[in-house]
*Asks:* 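Let me give you the structure first, and then I'll get to my questions.
Any value given below was found using the heavy atoms of this structure, including those in side chains, with hydrogens, waters and symmetry copies removed.
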Amino acid sequence: RKISMTKIELPTMPIINRFVNIAMEHGSEVKLYNHDRTYCINGKSLLGIIASTEWNDLYLVCEDGLYGDFVEFFSEE
């Protein structure tokens with residue numbers, strides 16, 4: 001099982017809701033970290049993701065097999 005980390009953007013509530021809905025469809029862990037990995041939240045937590053909007057950068061960490069479901073949120077940086 002390979003785990004990867006990718007920068008994502010969740011700028012609005014409708015986008016955050018879509019992300020959480022997709023994350024909830026999976027039995028595997030979906031985690032979000034800040035840039036230096038000092039903070040971690042459950043990617044299935046609406047409240048956690050809303051709180052993470054204070055971070056400068058947001059990174060998705062999940063199994064490689066799930067990445068295709070989250071491509072629309074990948075940052076272009």
*Asks:* With rounding to the nearest 0.5 angstrom, report the CG to CG distance, L32 to L58.
*Replies:* 5.0 Å
*Asks:* Should we count CE of M24 as having more than 12 external heavy atoms under 6.0 Å?
*Replies:* no
*Asks:* I need the C62 SG to K31 NZ distance, nearest 0.5 Å.
*Replies:* 11.5 Å
*Asks:* Looking at Y67 and V61, what are the two nearest heavy atoms and their distance?
*Replies:* OH-CA, 4.0 Å
*Asks:* CH2 of W55 to CD1 of I49: how many Å apart, nearest 0.5 Å?
*Replies:* 9.5 Å
*Asks:* Under a 4.5 Å cut-off applied to non-hydrogen side-chain atoms, are L60 and L66 in contact?
*Replies:* no
*Asks:* Any side-chain heavy atom of L10 within less than 4.5 Å of one from T53?
*Replies:* no
*Asks:* Less than 4.5 Å apart, side chain to side chain, heavy atoms only: is that true for E72 and R18?
*Replies:* yes
*Asks:* When rounded to the nearest 0.5 angstrom, what distance separates CG in D69 from CD in E25?
*Replies:* 7.0 Å
*Asks:* Decide yes or no on side-chain contact (heavy atoms from CB on, under 4.5 Å) for L46 and M13, but give the supporting numbers first.
*Replies:* CA-CA 10 Å; L46 181 60; M13 277 306 299; 4.1 Å; yes
*Asks:* Nearest 0.5 Å, what's the CD1-CG distance between I8 and D57?
*Replies:* 11.0 Å
*Asks:* Would a distance-only check, ignoring hydrogens and angles, find a side-chain to backbone donor-acceptor pair under 3.5 Å from K7 to H35?
*Replies:* no
*Asks:* Answer whether the closest heavy-atom distance between the side chains of F70 and T6 falls below 4.5 Å.
*Replies:* no
*Asks:* Taking side chain as C-beta onward, heavy atoms only, is Y59 less than 4.5 Å from R37?
*Replies:* no
*Asks:* For a quick test of reading the model, state the closest non-hydrogen atom pair linking A23 to G43 and the distance between them.
*Replies:* CB-O, 3.5 Å
*Asks:* Can you tell me how far apart CG (N42) and CG (L47) are? Round to the nearest 0.5 Å.
*Replies:* 11.0 Å
*Asks:* Write down the atom of E63, the atom of S28, and the distance for their closest heavy-atom approach.
*Replies:* OE2-OG, 3.3 Å
*Asks:* OH of Y39: more than 12 outside heavy atoms within 6.0 angstrom?
*Replies:* no
*Asks:* Nearest heavy-atom pair of E9 and S75: which atoms, and what distance?
*Replies:* OE2-OG, 3.0 Å
*Asks:* Do you know the tightest heavy-atom contact between M5 and Y33?
*Replies:* CE-CB, 4.4 Å
